[in-house]
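Quick notes on the structure that follows.
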Amino acid sequence: MTLDLEALVVAAYLFADEYAVPFRPGRLSLISDAELVALAVGQAAIGLSSDRQFLGLVPRMLPGWFPHLPDHPNTTAGCAGSWDS
């Protein structure tokens, strides 16, 4: 499962990183939009609905991949507003 999860997270990151995101005023985030998308895809693949549980598993399942994990739950919910047309 870990190799499949790793491949899926990498693919999601690369896919999201290909698309330019419009500039958003405010302070810069420690985590990129592509990293948020990769985290959201990984969470969906594992099947966890709890952001808190998933963020607790990431350092063990993908050690060193996300040095600046969000420190509060519902962070990946912000992905929903990223694709406004």
Side-chain angles (χ1 to χ4, degrees):
M1 170 75 174
T2 303
L3 290 178
D4 292 337
L5 178 64
E6 289 176 2
L8 184 63
V9 169
V10 168
Y13 178 88
L14 292 174
F15 179 79
D17 197 45
E18 286 294 313
Y19 293 95
V21 177
F23 176 75
R24 292 185 302 244
R27 68 182 180 105
L28 294 177
S29 178
L30 293 175
I31 188 166
S32 71
D33 291 336
E35 288 174 313
L36 281 177
V37 170
L39 285 169
V41 168
Q43 181 177 358
I46 292 175
L48 284 176
S49 59
S50 168
D51 289 347
R52 188 179 308 273
Q53 286 179 341
F54 176 70
L55 291 174
L57 286 175
V58 170
R60 284 180 266 155
M61 295 186 75
L62 302 168
W65 284 39
F66 299 96
H68 299 287
L69 281 175
D71 57 354
H72 54 85
N74 296 325
T75 301
T76 55
C79 289
S82 298
W83 292 285
D84 293 337
S85 46

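With sequence neighbours left out, the side-chain contact (heavy atoms from CB on, under 4.5 Å) criterion links Leu69 to Leu39, Leu55, Val58, Pro59, Phe66. For Ser32, the side-chain hydrogen bond (donor to acceptor under 3.5 Å, both in side chains) test picks out Glu35, with sequence neighbours left out.
Shown here for Gly42 and Val9, the closest heavy-atom pair between the two residues is CA-CG2, 4.1 Å. The two atoms that bring Ala34 and Ala16 nearest to each other are CA-CB, 3.8 Å, heavy atoms only. When all heavy atoms of Gly56 and Arg60 are compared, the closest pair comes out as O-NH2, 3.1 Å.
With rounding to the nearest 0.5 angstrom, the CG atom of Asp33 is 10.0 Å from the OH atom of Tyr13. Between the CG atom of Leu5 and the CG atom of Leu62 there is a distance of 5.0 Å, given to the nearest 0.5 Å. Taken from CG in Asp51 to CD in Gln43, the straight-line distance is 4.5 Å, to the nearest 0.5 Å.
Linking ILVMFWY side-chain heavy atoms closer than 4.5 Å, directly or via other members, places Val10 and Ile46 in a single hydrophobic cluster. The same ILVMFWY cluster, assembled from side-chain heavy atoms under 4.5 Å apart, contains both Trp65 and Leu57.
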